[in-house]
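Written out below as structure tokens is the structure these notes cover.
Remember, predicted model here, so these are calculated numbers, not experimental data. One-based numbering along the sequence shown.
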Amino acid sequence: MFCCGFMWKSGGEDLQGFYPVRPECQADVPRTRFKSRAGKTLSARRWHAAFTEDGHLDMEKVLRRIQRGGIHPSIKGAVWEFLLGCYDPDSTFQERNKLRNRRREQYGAWKEECKKMVPVIGSGKFVTMAVVLENGKPIEESSVENQGWVVKNTVTDERVLQWMLSLHQIGLDVARTDRYLSFYENTSNQSKLWDVLAIYTWLNLDIGYVQGMNDICSPMIILFDNEADAFWCFERAMRRLRENFRATATSMGVQTQLGVLSQVIKTVDPRLHQHLEDLDGGEYLFAIRMLMVLFRREFSFLDALYLWEMMWAMEYNPNMFATYEELENRNNAAEDPKLLKRYGKFERKYVNSGRNEQHRNTLAVFVVASVLQTKNKRLLKEAKGLDDVVQILGDIAGNLDAKKACKEALKIHEKFLKKANRQ
């Protein structure tokens, strides 16, 4: 993991050194609020102590600690692999090592497959100019911008053509991704991000590449030294988010979550909802960015990661690994109430209510609702149009507390369930 030395300061540990910001960008990035706090944050010592001798993980303890104070940067990657369902907490060290090696081999095979079509992959470089026209014909003048490589023959395979048409857009987005971080001053790190996104796109052409995926993938590249491990963590994160990125000629998948947000605000704050309706903002399109990239623009880098892991811990379902791996053995909380403690706070409420399939993985929606609630008075008083709404919400960058936002989201969720049950 990319990190450097750290020191203790009054009120918590100073963690900025784990993700250094380029000196010339210091004044332009949101300030970081998160600090590691003894007795609350999941530390490396607590993390290692949560494993049995053969490697079984006490997920209940881990979730409780994360929900209290997040994860120390030195172990984020390892913990995220469990939070996102890469590994089963009931597995052993040996079983996980076998699975990790198998996945690394699989990623290597996919990378070789892509490299045969586009030799720039795995070269430590990436492309930023279109390599083919929409009719599949090569663009010879792209050579200089694309590291001297050009497509030599007309591409006739529709699947390959669809993929190649996206590669330069991925490259353009990679060049802009988290460029204020010192980590991305190194072109080889940018190329890793491009490689992972390009390979993911090749494997998921039903959705393809959509701007915003780069913001979700970037932290994985920073947290994991091994590119294959970063890929699998990103792939699991996208299992939760991919439908948001699915687009048709007339709609985007994220509109489903916007519909839930509209329903939530209409239920818990009808006056604000009506005001937004009057401003032609009832579809809540101004919240698209927050949901698509999970608040990356509203928080500093470290605070955004803190928010993500808080949400993932609260949404944690112990059946996630079995579901992703298409295994038959699942935990049934209805048959064994003790298993409920292995669910995150947010997910547990749906399991308890018997409606655990409804609004799955929508804590982010309630976090947006909590943001709207904090700006309720300003929105009602000052917003005369959608531009005002966007500006008021834009002012929150660097001024939000991730833990407080999650706490308020849970309160709004509780309020929503109670009111919805009465209707």
Any donor-acceptor pair under 3.5 Å from [X] side chain to [Y] backbone:
X    : Y    : answer
T92  : G55  : no
K125 : S191 : no
N204 : I207 : no
W308 : L294 : yes
Q257 : L291 : no
D303 : F34  : yes
D195 : L193 : no
E298 : L400 : no
N101 : N97  : yes
Q26  : P23  : no

Are the side chains of [X] and [Y] in touch, meaning some heavy atoms are under 4.5 Å apart?
X    : Y    : answer
M290 : I396 : yes
K345 : Q67  : yes
F366 : V264 : yes

Grab the two heavy atoms, one from [X] and one from [Y], that are nearest each other, plus how far apart they are.
X    : Y    : value
A130 : I139 : O-CD1, 3.6 Å
A369 : I265 : CB-CD1, 3.8 Å
I199 : F231 : CG2-CE1, 4.2 Å
M59  : L83  : CE-CD2, 4.0 Å
L386 : L279 : CG-O, 3.4 Å
N135 : L161 : C-CD2, 4.5 Å

Discussion item. Which residue is it: W110, W163, W232, F234? I am looking for the one with a ring-ring contact (aromatic ring centres under 6.0 Å, His included) to Y200.
Written reply: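 One option only clears the test, and that one is F234.
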What I want to check is whether the side chains of [X] and [Y] have a donor and an acceptor closer together than 3.5 Å.
X    : Y    : result
S218 : Y184 : yes
Y209 : D173 : yes
Q391 : D387 : no

Worksheet item: Under the 6.0 Å and 45° cation-pi test, does K76 pair with Y19?
Response: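 Judged by the rule (NZ or CZ under 6.0 Å from the ring centre, within 45° of its axis), K76 is not positioned above Y19.
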Worksheet item: Is R103 positioned over the aromatic face of Y87, cation under 6.0 angstrom from the ring centre and no more than 45 degrees off axis?
Response: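 That pair qualifies as a cation-pi contact.
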Worksheet item: Between R246 and D206, is a side chain to side chain contact (heavy atoms under 4.5 Å, CB included) present by the stated rule, with each step listed?
Response: CA-CA 8 Å; R246 190 183 294 279; D206 59 319; 3.3 Å; yes
More than 12 heavy atoms of other residues, nucleotides or ligands under 6.0 Å from [atom1] of [X]: yes or no?
X    : atom1 : result
K403 : NZ    : yes
R179 : CZ    : no
K375 : NZ    : yes
E134 : CD    : no

Fill in: Evaluation steps, salt bridge (Lys or Arg N to Asp or Glu O under 4.0 Å), between K116 and E112
CA-CA 6 Å; K116 286 178 182 177; E112 278 302 310; 6.0 Å; no
Fill in: side chain to side chain contact (heavy atoms under 4.5 Å, CB included) evaluation trace for R342 with D90
CA-CA 12 Å; R342 301 181 66 182; D90 289 331; 3.2 Å; yes
First locate atom [atom1] of [X], then atom [atom2] of [Y], and finally report the distance between them rounded to the nearest 0.5 Å.
X    : Y    : atom1 : atom2 : answer
S300 : Y306 : OG    : OH    : 12.0 Å
W194 : L172 : CH2   : CG    : 11.5 Å
R33  : K35  : CZ    : NZ    : 11.5 Å
M314 : L410 : CE    : CG    : 4.5 Å

Practice prompt. Classify the angle between the aromatic ring planes of W47 and F82 as parallel (below 30°), tilted (30 to 60°) or perpendicular (above 60°).
Written response: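 W47 and F82: perpendicular rings.
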Worksheet item: Relative to the ring of F295, is the ring of F299 parallel (under 30°), tilted (30 to 60°) or perpendicular (over 60°)?
Response: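 Answer is perpendicular, since the angle exceeds 60°.
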Worksheet item: Can you name the one residue among V365, V368, L285 that meets side-chain contact (heavy atoms from CB on, under 4.5 Å) with L258?
Response: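 Only one of V365, V368, L285 forms a side-chain contact (heavy atoms from CB on, under 4.5 Å) with L258, namely L285.
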Worksheet item: Given the rule in the side chain to side chain contact (heavy atoms under 4.5 Å, CB included) test, do V174 and F126 qualify, once you have shown the distances and angles that lead to the verdict?
Response: CA-CA 9 Å; V174 162; F126 58 98; 4.2 Å; yes
Practice prompt. Show your reasoning for whether side chain to side chain contact (heavy atoms under 4.5 Å, CB included) applies to H273 and Y284.
Written response: CA-CA 10 Å; H273 177 76; Y284 290 77; 2.8 Å; yes
Worksheet item: Which is it for E325 and R236 under the salt bridge (Lys or Arg N to Asp or Glu O under 4.0 Å) test, yes or no, and what are the steps along the way?
Response: CA-CA 11 Å; E325 298 294 316; R236 287 302 193 249; 2.4 Å; yes
Worksheet entry | Residues E315, R240; criterion salt bridge (Lys or Arg N to Asp or Glu O under 4.0 Å); working and verdict | CA-CA 11 Å; E315 291 176 330; R240 312 164 72 92; 2.5 Å; yes
Worksheet entry | salt bridge (Lys or Arg N to Asp or Glu O under 4.0 Å) between E235 and R239, worked out | CA-CA 6 Å; E235 192 272 343; R239 295 279 186 119; 2.7 Å; yes
Worksheet item: Between F93 and F51, is a ring pair (Phe, Tyr, Trp, His ring centres under 6.0 Å) present by the stated rule, with each step listed?
Response: CA-CA 9 Å; F93 289 128; F51 290 93; 5.5 Å; yes
